Protein chains: 4
Amino acid sequence: MSTRRTEPGRRVRLLETVLDLIARDGVAGATYRAVAAAADVPLGSMTYHFPTRDDMLYAAFSHLADTQHARFDQIMAASPDGEDPRERVVDLIVTHGGGYGRDMVLSAELYALAVRDERYRALIQDWMGRSRVSLERHFAPELTPMIDALAEGLVLHSHISTEPFDVDRVRAAVYRLIGPSGDATTP
Amino acid sequence: MSTRRTEPGRRVRLLETVLDLIARDGVAGATYRAVAAAADVPLGSMTYHFPTRDDMLYAAFSHLADTQHARFDQIMAASPDGEDPRERVVDLIVTHGGGYGRDMVLSAELYALAVRDERYRALIQDWMGRSRVSLERHFAPELTPMIDALAEGLVLHSHISTEPFDVDRVRAAVYRLIGPSGDATTP
Amino acid sequence: MSTRRTEPGRRVRLLETVLDLIARDGVAGATYRAVAAAADVPLGSMTYHFPTRDDMLYAAFSHLADTQHARFDQIMAASPDGEDPRERVVDLIVTHGGGYGRDMVLSAELYALAVRDERYRALIQDWMGRSRVSLERHFAPELTPMIDALAEGLVLHSHISTEPFDVDRVRAAVYRLIGPSGDATTP
Amino acid sequence: MSTRRTEPGRRVRLLETVLDLIARDGVAGATYRAVAAAADVPLGSMTYHFPTRDDMLYAAFSHLADTQHARFDQIMAASPDGEDPRERVVDLIVTHGGGYGRDMVLSAELYALAVRDERYRALIQDWMGRSRVSLERHFAPELTPMIDALAEGLVLHSHISTEPFDVDRVRAAVYRLIGPSGDATTP
DNA sequence: GATGAATGAGACTTCATTCAT
DNA sequence: AATGAATGAAGTCTCATTCAT
């Protein structure tokens with residue numbers, strides 16, 4: 001009905017709508033219909049941009065990975081002179097975990113897809129690889145998977161638990177796991 | 001028509017079928033129809049046992065929590081005389097992670113539900129509480145959430161990653177996180 | 001909305017509606033929606049009776065084969081005392097051809113399916129087999145396929161052509177093809 | 001973008017692609033999109049050449065009629081000196097029937113259209129008329145519709161049946177139907 | 001002359017749920 | 001206590017066709 005015949009950024013706008021819907025209603029809620037309605041776009045426009053529903057979901061999560069990694073990298077890079085780099089990790093956990101539920105929900109949904117679908121697994125692997133490169137600015141390569149895992153687990157649990165984070169306890173755990181200088185590997 | 005007119009264990013058998021289907025096809029795949037077909041049970045029998053689909057899912061995950069916790073507790077309890085109890089944690093991570101994909105898939109799906117639905121969140125909290133009680137047999141209460149988180153994160157990542165666990169590195173991380181005696185709390 | 005909750009003969013009624021629609025709009029026109037609307041039945045009822053659209057089509061054509069063969073057999077059997085049995089064939093061609101366009105349309109659609117789909121081919125083979133049994137009441141088995149073929153071709157062409165049948169010419173051809181007594185096989 | 005900016009024979013190439021698709025998937029399968037993909041042509045090109053889908057189908061079947069009639073005429077003309085012309089008919093039936101499934105499928109689909117649509121009926125009538133002209137080189141005009149019909153029916157049935165043609169039986173039938181000299185009309 | 005973007009209609013199908021028995 | 005019949009809502013996807021460029 002409306003006169004708008006072409007909208008150059010529509011694809012990206014749709015992807016962000018998809019992520020919003022997944023955050024609110026889960027992957028199951030991100031139907032063609034729901035997205036089209038939320039973005040005020042004709043239903044036919046959905047299948048034009050994403051021939052398959054899975055194409056849509058995959059594109060959305062790819063978009064998420066790009067967006068999120070940029071933020072992650074920024075946090076890791078923002079280390080003031082003379083700061084213990086382990087503070088960056090604490091910051092990441094507490095900020096990310098305490099902050100946006102949206103990210104957590106999206107991650108949880110992505111993992112649920114990944115454990116059963118190779119394509120999404122590959123997407124996460126790539127994302128994790130990029131995260132580790134960011135971590136390796138400060139820490140020894142052997143440690144980065146462990147740091148990653150602890151952060152993931154804590155953020156996940158913090159979203160489940162009702163108690164807020166105890167920052168001091170998180171800090172203590174991070175410091176102990178990494179050790180005084182990031183290159184120690186023996187207990 | 002069939003010979004089996006009443007089947008006392010049907011409810012539990014259905015719950016296990018539900019979990020099998022979730023493991024294979026995700027929560028979305030555990031429809032009344034799919035479960036009925038997989039368990040060779042009339043469709044009407046499903047709504048008889050579980051008036052609502054969500055009742056069915058919730059009952060299935062409750063059943064999972066019970067089953068899984070029993071196993072978890074058993075592993076933590078099986079500490080040979082004189083063994084460093086941190087070995088129990090290492091064992092848990094490596095066995096669980098390397099082993100059954102089924103458990104991981106089910107956990108991932110449960111988390112995806114939990115981050116958006118209070119009822120499932122409560123279910124996990126209860127489960128996590130029981131896990132911590134098991135851990136507190138060996139470790140200080142302040143440490144158990146961290147141990148739990150590291151384990152969760154590592155198992156999750158191991159399922160995503162293609163590389164197998166490096167047991168030594170896992171052991172080193174666990175030992176460092178917990179410290180020489182399980183009651184240390186300062187870095 | 002209406003109170004009618006069960007209708008025992010619904011399945012057959014639907015099959016006849018399907019055939020009516022195919023006759024009017026071709027196989028392509030026999031959609032779930034169209035049939036449901038024509039039979040005044042909820043859409044969900046269609047997939048309840050015929051899980052797949054092809055199930056619906058196949059069932060409809062099976063029903064057609066049964067119905068049609070009964071009529072064919074009746075015509076072949078209705079040979080008055082002392083009548084040349086070849087008159088039965090002439091009658092068949094002229095009646096069938098001149099009569100109901102419905103049957104012809106249905107046959108044409110069925111053939112179009114059969115040339116590409118084994119299942120429909122099998123259905124026709126069975127139907128043809130039964131027709132030949134009916135023909136063998138009067139004629140030698142070697143002749144029946146030829147009689148069948150001539151009849152089929154003539155009926156088909158008569159529906160395409162605008163000119164009406166020339167009964168005498170048809171009779172002459174049938175008599176010549178079969179010969180004075182139905183057991184002759186040499187030219 | 002591509003090097004081929006104008007392609008003179010595209011229209012004909014598209015028509016042949018259409019026929020290929022109909023042969024494989026039926027008329028229903030010959031969609032704009034499927035044809036465009038199979039011919040590696042942009043979708044917009046389809047509606048440019050054939051404003052309506054039915055234009056496309058009609059053009060394709062017209063093309064088929066031309067092609068096929070040329071072949072038919074060639075077979076009928078190829079009568080060696082002194083050969084009984086009825087052998088041409090036998091040859092036609094056996095070659096055509098035993099040979100290309102493609103032609104049969106296309107004919108069947110065309111008939112299915114023709115029984116419901118006048119335009120396609122006219123197309124077949126014209127084609128049949130040209131066939132009869134070819135047959136009249138050898139046979140009396142009153143016989144040609146019968147010959148045509150027998151051939152059509154036999155070829156059709158041979159494609160449905162699993163048994164191969166029995167050439168001798170076909171020959172006997174053809175000879176009997178036509179009679180010793182092609183101008184006999186009385187039984 | 002030719003084509004990419006876009007869209008509205010409708011197709012098949014799945015499904016949770018209700019209800020009479 | 002248990003189940004077969006039935007249905008309404010919604011989901012994914014395909015497609016002919018239009019139009020601006």
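Just so we're clear, the structure is a prediction, and the values are computed from it rather than from any experiment. Here is the naming used below: chain letters follow the sequence lines, and residue numbers restart at 1 for every chain.
- In the region residues 15-32 of chain D, proximity to DNA chain E at under 4.0 angstrom, judged on heavy atoms, holds for none of the residues.
- C/Arg11 has its CZ atom 12 Å from the P atom of F/dA5, to the nearest Å.
- Nearest to the side chain of B/Leu43, among E/dA11, E/dT17, E/dT7, sits E/dT17.
- Qualifying side-chain hydrogen bond (donor to acceptor under 3.5 Å, both in side chains) partners for C/Ser45, counting only residues two or more places apart in sequence or in other chains: C/Arg10.
- Contact annotation: the side chain of A/Ile22 never approaches that of A/Leu110 to less than 4.5 Å [non-hydrogen atoms, C-beta and beyond].
- If you check residues 44-54 of chain B against DNA chain E, the residues with a heavy atom closer than 4.0 Å are B/Thr47, B/Thr52, B/Arg53, listed by number.
- Here the closest non-hydrogen pair linking B/Ala34 and B/Gly29 is CB-O, 3.5 Å.
- Partners of C/Asp117 under the side-chain hydrogen bond (donor to acceptor under 3.5 Å, both in side chains) rule, at least two apart in sequence or in another chain, do not exist in this structure.
- Here the side chain of A/Thr52 pairs no donor or acceptor atom with the backbone of A/Asp55 at under 3.5 angstrom.
- Between the B/Tyr120 side chain and the B/Tyr58 main chain, a donor and an acceptor come within less than 3.5 Å of each other.
- The distance between atom CG of D/Asp55 and atom C1' of F/dT17, rounded to the nearest whole Å, is 12 Å.
- Side-chain N or O atoms of D/Arg13 include one that pairs as donor or acceptor with a backbone N or O of D/Ala39 at under 3.5 Å.
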Map every base of DNA chain E to its dot-bracket character, where paired means a Watson-Crick or G-U wobble contact with both distances under 3.5 Å and | marks a partner outside the strand.
.||||||||||||||||||||
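- Side-chain N/O atoms of D/Arg10 include one lying less than 4.0 angstrom from OP1 or OP2 on E/dT3.
- Annotation: the span from A/Phe61 atom CZ to A/Ile124 atom CD1 amounts to 9.0 Å, rounded to 0.5 Å.
- Between the side chain of A/Arg53 and the main chain of A/Ala30, a donor-acceptor pair closer than 3.5 Å is present.
- Contacts classified as ring-ring contact (aromatic ring centres under 6.0 Å, His included) and involving residues 6-49 of chain C (residues at least two apart or in different chains) are not found.
- Counting only heavy atoms from C-beta on, D/Arg33 has its side chain closest to F/dA16 among F/dA16, E/dG4, F/dT3.
- What you find for A/Met46 and A/Ala36 is that their closest heavy atoms are CG-CB, 3.8 Å.
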